[in-house]
Each structure stands twice: as C-alpha cells, then as structure tokens.
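What's counted below: heavy atoms across the whole structure, side chains too, no hydrogens, waters or symmetry copies. Every value quoted in this text rests on a predicted model; they were computed, and no experiment measured them.
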Amino acid sequence: MLYLLVQLHSQCNEEKRVSTQIVKMKIMELDNYYFIARPCVDIADQKVQDLVEKADEHDLDFVGIVYENVGLPEGVTYDKELFLGKDPAYVMLVRNIGAGLYSKGFIEKKHLEIGGSDELFPDIYLLWQVFTSAGRAMCVSAAICEKVYRDTVWIDDSQIAFTVNRAYDRIKDMLMTDWEVWQKWKGYYSSQRWACYYELLHWMTEDVGWEFAERMAVEFHRSYENDEIDEKLFSLEERSNLYILAKDPGYVKRFYLGKVILDKRVYDCKNKVNDLEKVVAEKDRMMQAQRESYEQRLAKKQAEHEEMCSGLEQQRLLELEQQKQKYESSVTFKAGRVIMFIPSGIKRLVFRMMKKE
C-alpha cells in the first residue's frame with residue numbers, strides 16, 4: 001500500500017472516498033527529538049516515549065514506523081539496528097513510513113526541513129534525505145500505534161496531483177548535487193517514483209487521471225533517455241509497460257489508464273454491491289430483532305391470558321363448591337337424603353296408612 005491519503009478530520013477506519021485536501025503533518029517536539037506523523041497515525045504518548053528510550057539506548061538518528069503487512073527489504077528487520085546509507089534498497093520503505101522519530105542533532109547537522117510543504121506527501125522529501133544521509137536507524141511495526149486509518153482519497157484536482165511530481169523533481173535535484181550519490185540511488189529513485197505514480201492513478205477522477213498520465217509518460221520517457229531506470233528493480237509486467245512506454249508515450253493514456261478506469265468502475269460496482277449487502281444484512285437484522293420482540297410479547301400475552309384463565313377457573317370452582325355446601329346444609333336437601341335412604345316397602349306402607357287416614 002502506498003502512502004495513505006487522508007483528511008485531517010477523518011475519524012473512521014472504514015474505507016470511504018472523499019475529495020483531496022492538503023495534508024498537514026503532526027509534529028511533536030521533545031527534548032532531543034522530533035516526532036513527525038501523518039494524520040492517519042494515532043499513537044499513545046507512552047509509545048512515543050518508548051521510541052525515545054529506544055533511540056537513546058541505541059544512539060539512533062531515526063526510528064521509522066512502518067505500516068503493517070508491508071514486505072521489508074532484504075537486510076531489514078523490525079527492532080534491529082541498521083545503517084540506512086549502506087544499501088539503497090532500504091529506500092523502498094520510504095513510501096511505507098507512517099511516522100518517525102528524528103534526532104534533533106541529526107536534523108540540525110544535515111539542515112533538514114521538518115515542517116513539510118503543501119502537498120499530498122509533505123514528508124516524502126524529508127524521508128528521502130533521511131534514508132540517503134542518516135546513520136544508525138531502526139524500523140518498528142505500526143502495530144505499536146493505537147490505530148492507522150485506511151481512508152481512500154479521490155484526487156479531483158490536477159494541481160494537487162502535480163505536487164507529487166514536484167516533490168520527486170526536488171528529490172532528484174537533491175540527489176544530483178553529488179554525482180556519485182545520484183548514480184548510486186537513481187535506479188531506486190526511478191523505481192519508487194514509477195510505483196508512486198501508478199498507485200496515484202487509481203485514486204484520481206478520470207479527467208485528472210488523463211492529465212496526470214500525460215505528464216507521467218513524458219517524465220518516464222525522459223528517464224529512459226537519460227539512463228535513469230534500472231530494469232532489475234521492476235517486475236516483468238512493469239518492464240513490459242516500460243518498454244512500450246519508451247517507444248510510445250501515449251501508451252499510458254490509451255491502455256493502462258483505460259484499464260485503471262475500468263478497474264475503478266468495477267471497484268465502484270463492488271462497493272455498491274457491498275453497500276447493498278450491508279443494507280440487506282442490516283434490514284434482516286432489524287426484521288429478526290422485530291420478530292424476536294414480537295414473539296416475546298406474544299409469549300408474554302399468552303402467559304398472562306393463561307394465568308388469567310386459570311384464576312377465573314379457580315374462582316368458578318370455588319363458587320360451585322360454596323353453592324354445593326349451601327345446598328347440602330339446607331333442610332330440603334337433608335330431608336331428601338333421608339327419604340332417599342328409606343326402604344321402598346316401608347315407603348309404600350307409610351303411603352297406604354296416609355291414604356287411609
């Protein structure tokens with residue numbers, strides 16, 4: 001993943017698309033260090049202090065926080081000392097540094113600028129200076145951070161996009177002040193610039209993308225002519241693109257950018273499908289919650305009804321029992337019982353005697 005393009009007010013780690021704006025670095029001044037972070041990085045003060053202690057312990061010029069899930073260049077291991085100027089391959093980490101701790105002594109000695117500029121990548125020039133001139137350094141994983149936001153920015157302004165071109169022009173001017181340094185770093189410089197430009201194409205509106213691709217093609221056509229590209233640093237697919245681009249500057253606009261636009265539209269469609277799936281899932285969740293709530297209310301009503309019916313039945317049985325006791329205690333009922341138990345012969349005799357009388 002290339003540099004994260006973010007809005008300062010972003011508070012969500014869910015991917016979203018917003019228009020570009022100038023990115024301002026977060027700068028914390030400590031006793032002997034500066035801590036400089038992109039707005040996408042949230043880190044606790046205690047973690048920054050831990051980095052300070054690590055830098056003091058190992059006498060480091062720089063400690064870089066590397067985004068997670070990034071392949072490290074050969075020879076680089078987290079939390080291990082390295083000498084940045086030893087191998088130009090280390091500079092391929094520049095576009096994956098989210099924040100860094102910089103020694104004040106090193107900054108002052110090299111006369112480095114720490115304020116950044118009004119561009120999409122205000123720290124890229126500083127990081128290139130560090131990776132080409134720093135001594136002892138160390139890389140740590142962004143896992144130490146509270147959170148690293150992964151927002152997607154839609155670049156809809158060509159002038160904002162061209163700040164990246166100007167930043168790389170400035171880096172080139174810095175490297176070329178020493179011809180030996182330029183010869184050592186130029187291949188990695190061109191490789192990283194190529195990767196950065198192609199990545200940016202994916203986050204541009206179509207109008208800005210066409211304009212940016214035209215300038216990109218001209219710059220790399222010139223790089224080929226000036227022998228600034230080391231093909232060993234590119235993949236087979238990238239080399240194929242470079243060969244065509246060297247012969248046909250319009251290739252990026254006609255083919256590659258068209259592919260990017262198509263991929264982008266597919267990406268947008270997938271996002272819409274994902275959004276619809278989220279809406280459907282949320283509706284299903286709400287319906288399930290409503291169904292469960294209804295079933296709970298229905299069960300409660302049924303229980304109340306059964307309880308009420310049970311109470312009425314008990315009351316009815318009690319009333320019948322009271323009526324029974326009332327009837328059984330009456331004179332008529334008692335006389336009837338006596339009569340019911342007199343033998344029939346005696347009954348007939350009594351009746352005849354009553355008739356005679």
Side-chain angles (χ1 to χ4, degrees), residues 1-4 36-38 40-41 50-51 54-55 57-103 106 110 112 121 123-145 148 150 164 167-168 171-172 174-176 178-200 220 223-224 227-243:
M1 181 69 180
L2 209 59
Y3 283 106
L4 303 182
I36 305 175
R38 295 184 62 79
C40 60
V41 174
D50 292 343
L51 294 181
K54 191 184 295 286
E57 179 183 356
H58 298 275
D59 191 24
L60 304 175
D61 291 333
F62 172 73
V63 180
I65 296 178
V66 182
Y67 296 131
E68 292 188 270
N69 302 318
V70 169
L72 299 177
E74 185 177 354
V76 177
T77 305
Y78 287 135
D79 302 311
K80 298 292 184 182
E81 295 180 28
L82 67 151
F83 192 84
L84 287 181
K86 178 181 179 181
D87 189 341
Y90 297 163
V91 82
M92 301 306 287
L93 273 177
V94 163
R95 63 190 180 95
N96 290 307
I97 298 291
L101 185 73
Y102 301 79
S103 164
F106 166 69
K110 298 296 182 178
L112 306 186
F121 302 152
D123 56 342
I124 191 171
Y125 182 73
L126 172 62
L127 286 169
W128 264 91
Q129 290 184 95
V130 169
F131 271 75
T132 55
S133 63
R136 299 162 68 88
M138 185 177 291
C139 291
V140 298
S141 171
I144 69 170
C145 299
V148 177
R150 295 280 179 173
V164 182
Y168 274 97
I171 293 169
K172 182 178 179 179
M174 180 267 294
L175 294 174
M176 291 187 72
D178 187 318
W179 185 250
E180 291 184 2
V181 170
W182 170 242
Q183 292 301 310
K184 179 180 179 180
W185 296 87
K186 68 179 182 180
Y188 291 92
Y189 163 82
S190 297
S191 176
Q192 188 175 125
R193 184 171 61 141
W194 173 270
C196 182
Y197 284 6
Y198 264 72
E199 182 76 16
L200 284 179
F220 277 95
S223 294
Y224 246 121
D227 191 29
E228 297 172 359
I229 293 179
D230 184 350
E231 294 181 3
K232 295 191 299 294
L233 301 178
F234 294 84
S235 67
L236 287 175
E237 180 182 358
E238 290 171 337
R239 285 203 293 271
S240 298
N241 290 333
L242 285 170
Y243 293 149

For Lys54 and Asp79: C-alpha separation, side-chain torsions, deciding distance, then whether side-chain contact (heavy atoms from CB on, under 4.5 Å) applies.
CA-CA 9 Å; Lys54 191 184 295 286; Asp79 302 311; 3.9 Å; yes
Take Phe131 and Trp185 through the ring pair (Phe, Tyr, Trp, His ring centres under 6.0 Å) test and state the conclusion after the steps.
CA-CA 10 Å; Phe131 271 75; Trp185 296 87; 8.4 Å; no
The test is side-chain contact (heavy atoms from CB on, under 4.5 Å); show your working for Leu112 and Leu126 and say whether it passes.
CA-CA 7 Å; Leu112 306 186; Leu126 172 62; 4.0 Å; yes
Show, in sequence, the C-alpha distance, side-chain angles and deciding distance for Arg95 and Glu199, and conclude whether the salt bridge (Lys or Arg N to Asp or Glu O under 4.0 Å) test is met.
CA-CA 11 Å; Arg95 63 190 180 95; Glu199 182 76 16; 5.6 Å; no
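Legend: residues meeting salt bridge (charged side-chain N to carboxylate O under 4.0 Å, His left out) with Lys86, ordered by chain and number and at least two apart, are absent. Listed by chain and residue number, nothing satisfies the ring pair (Phe, Tyr, Trp, His ring centres under 6.0 Å) test with Tyr90 (two or more places apart in sequence, or in another chain). Contacts of Asp178 classified as side chain to side chain donor-acceptor pair (under 3.5 Å), with partners at least two apart in sequence or in another chain: none. Contacts of Ser235 classified as side chain to side chain contact (heavy atoms under 4.5 Å, CB included), with partners at least two apart in sequence or in another chain: Glu237, Glu238. Scored by the side chain to side chain donor-acceptor pair (under 3.5 Å) test, Asp87 finds no partners at all (sequence neighbours excluded). Listed by chain and number, the residues in a side chain to side chain contact (heavy atoms under 4.5 Å, CB included) with Ala99 are Phe35, Ala37, Val41, Ile65 (sequence neighbours excluded). The salt bridge (charged side-chain N to carboxylate O under 4.0 Å, His left out) search around Lys186 returns none, not counting sequence neighbours. Taking the salt bridge (charged side-chain N to carboxylate O under 4.0 Å, His left out) definition, one finds that Asp50 meets it with nothing, sequence neighbours left out. Contacts of Gln129 classified as side chain to side chain donor-acceptor pair (under 3.5 Å), with partners at least two apart in sequence or in another chain: none. For Ala55, the side chain to side chain contact (heavy atoms under 4.5 Å, CB included) partners two or more places apart in sequence, or in a different chain, are Tyr33, Leu60, Val63, Leu101.
A pairwise comparison of heavy atoms in Ile229 and Phe220 identifies CD1-CD2, 4.0 Å as the closest pair. Nearest heavy atoms, Leu93 versus Val70: CD2-CG1, 4.3 Å. Across Trp128 and Ile171, no two heavy atoms sit closer than the pair CD1-CD1, 3.3 Å. Cys139 approaches Leu82 most closely through the heavy-atom pair N-CD2, 4.1 Å. Here the closest non-hydrogen pair linking Asp61 and Gly135 is OD2-N, 3.0 Å. Across all their heavy atoms, Tyr168 and Gln192 have their closest contact at OH-OE1, 3.5 Å.
Ring planes of Phe234 and Trp194: perpendicular class, angle over 60° (limits at 30 and 60°).
A side-chain donor-acceptor contact under 3.5 Å links Ser190 to the backbone of Glu228.
A 4.5 Å side-chain heavy-atom check between Tyr188 and Pro73 finds every atom pair outside the cut-off. The shortest distance between side-chain heavy atoms of Leu127 and Tyr102 falls below 4.5 Å. Within the 4.5 Å cutoff, the side chain of Val66 has heavy atoms near those of the Ile97 side chain.
Sorted by first and then second residue, the side chain to side chain donor-acceptor pair (under 3.5 Å) pairs involving residues 132-141 (not counting sequence neighbours) are Glu81-Arg136.
Separation of atoms CD (Glu68) and CG (Asn96) is listed at 12.0 Å; rounding is to 0.5 Å. Rounded to the nearest 0.5 angstrom, Met174 CE and Trp182 CH2 are separated by 10.0 Å.
A cation-pi arrangement is not found for Arg38 relative to Phe121, the charged atom failing to lie both closer than 6.0 Å to the ring centre and inside a 45° cone about the ring normal.
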